[in-house]
2 protein chains.
Amino acid sequence: MVQYAQALDASFAALSDATRRGVLERLGRADASITDLAETFDMTLTGMKKHVGVLEQAGLVTTEKIGRVRTCKLGPRRLEEAAAWIERFRELWDARFDELDQVVEELKKRSKSR
Amino acid sequence: MVQYAQALDASFAALSDATRRGVLERLGRADASITDLAETFDMTLTGMKKHVGVLEQAGLVTTEKIGRVRTCKLGPRRLEEAAAWIERFRELWDARFDELDQVVEELKKRSKSR
DNA sequence: CGCATACTGAACCATATGGTTCAGTTTATG
DNA sequence: CATAAACTGAACCATATGGTTCAGTATGCG
């Protein structure tokens, strides 16, 4: 259960940066080298490499170095867990709000009778 | 579009901590005071207050202080955006993998004809 | 070989994060 | 009124994050 939590930590943390979300979208269109990505997001090679490292660590991206070039591509579908967490939580959330809706209805009735 | 990105940053960042995810789940069951939450997660009041602050900042939680007690409850459904981003991305992801399947097929054909 | 390309690693920097303690303030309650 | 409870804010700490520069290493190409 702890590992599961850590995986979620890593996934959500990886998604919490706009540049990294952009990289994921970019890689959704086509594989790219570090240089490609660095240029697209106007950043140094070193900086982009760190972002890719974070994504790779989270399992969202895989990379392979062939010759001089490291090619980045989308990794296995690690977002399933994150999506599942949100989904599970939304159900809970909805249940909670349904409860609140009832309270609101109750208040409306009361204000009318005043 | 920038605000939208920042909202996503905040949502995902808020979810990237196991304690905060736990707080959300806890609040899904019932509203709670800072003291309640601090005890549940074995943490100082001050520490918990910071976590609640992060969740509130991200719009995932709202709080109201009545008398001495600040009551925390789930906020408006801010996770919709986050869920939507992941969902949109998953479609892209699936498309990408389908595409790759096609490329693989293409390569198989070529290698046969060579 | 010689040079350019593509990446890598170390070091550095400013700021953020996750936590603490300690010293208040405000609000019950006996 | 006195004391306890519940929170708040400031200060501090260690570590992480997001970025840079600089100095390499490894590879491809003419």
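Below, chains carry the letters A, B, ... as their sequence lines are ordered, and counting in each starts from 1.
- Between R70(A) and the phosphate of dA6(C), there is no side-chain N or O to OP1/OP2 separation shorter than 4.0 Å.
- With hydrogens and angles ignored, a donor-acceptor pair under 3.5 angstrom links the side chain of T46(A) to the base of dG9(C).
- Nearest nucleotide to the side chain of L45(A), out of dT8(C), dA6(D), dG18(C): dT8(C).
- Rounded to whole angstrom, the span from the CD1 atom of I34(A) across to the C1' atom of dT25(D) amounts to 16 Å.
- Comparing atom distances between the R68(B) side chain and each of dC7(D), dT5(C), dA5(D) picks out dA5(D) as nearest.
- Two residues, R20(A) and K65(A), neighbour DNA chain D, and the one matched to the more 5' nucleotide by heavy-atom proximity is R20(A).
- Within the 4.0 angstrom heavy-atom criterion, only backbone atoms of the sugar-phosphate kind lie near G67(B); the bases stay farther away.
- No side-chain N or O of T71(A) forms a donor-acceptor pair with one of E64(A) less than 3.5 Å apart.
- For the pair R88(B) and E91(B), the salt-bridge criterion is not met [side-chain N within less than 4.0 Å of a carboxylate O].
- Between dA6(D), dT8(D), dT20(C), one nucleotide has an atom nearer to the side chain of K49(B) than all others, and that is dT8(D).
- In terms of phosphate contacts, K50(B) brings no side-chain nitrogen or oxygen within less than 4.0 Å of OP1 or OP2 of dG9(D).
- Both V23(B) and L45(B) belong to a single network of hydrophobic side chains, linked directly or stepwise wherever heavy atoms of I, L, V, M, F, W or Y lie under 4.5 Å apart.
- S33(B) comes within 4.0 angstrom of sugar-phosphate atoms only, judged by non-hydrogen atoms across all strands, and of no base.
- The phosphate of dG19(C) (OP1 or OP2) has a side-chain N or O of H51(B) nearer than 4.0 angstrom.
- A straight line from CD of E39(B) to P of dA6(D) spans 8 Å, rounded to a whole angstrom.
- Under the 3.5 Å distance criterion, with hydrogens and angles disregarded, no donor-acceptor pair is assigned to the side chains of R78(B) and S11(B).
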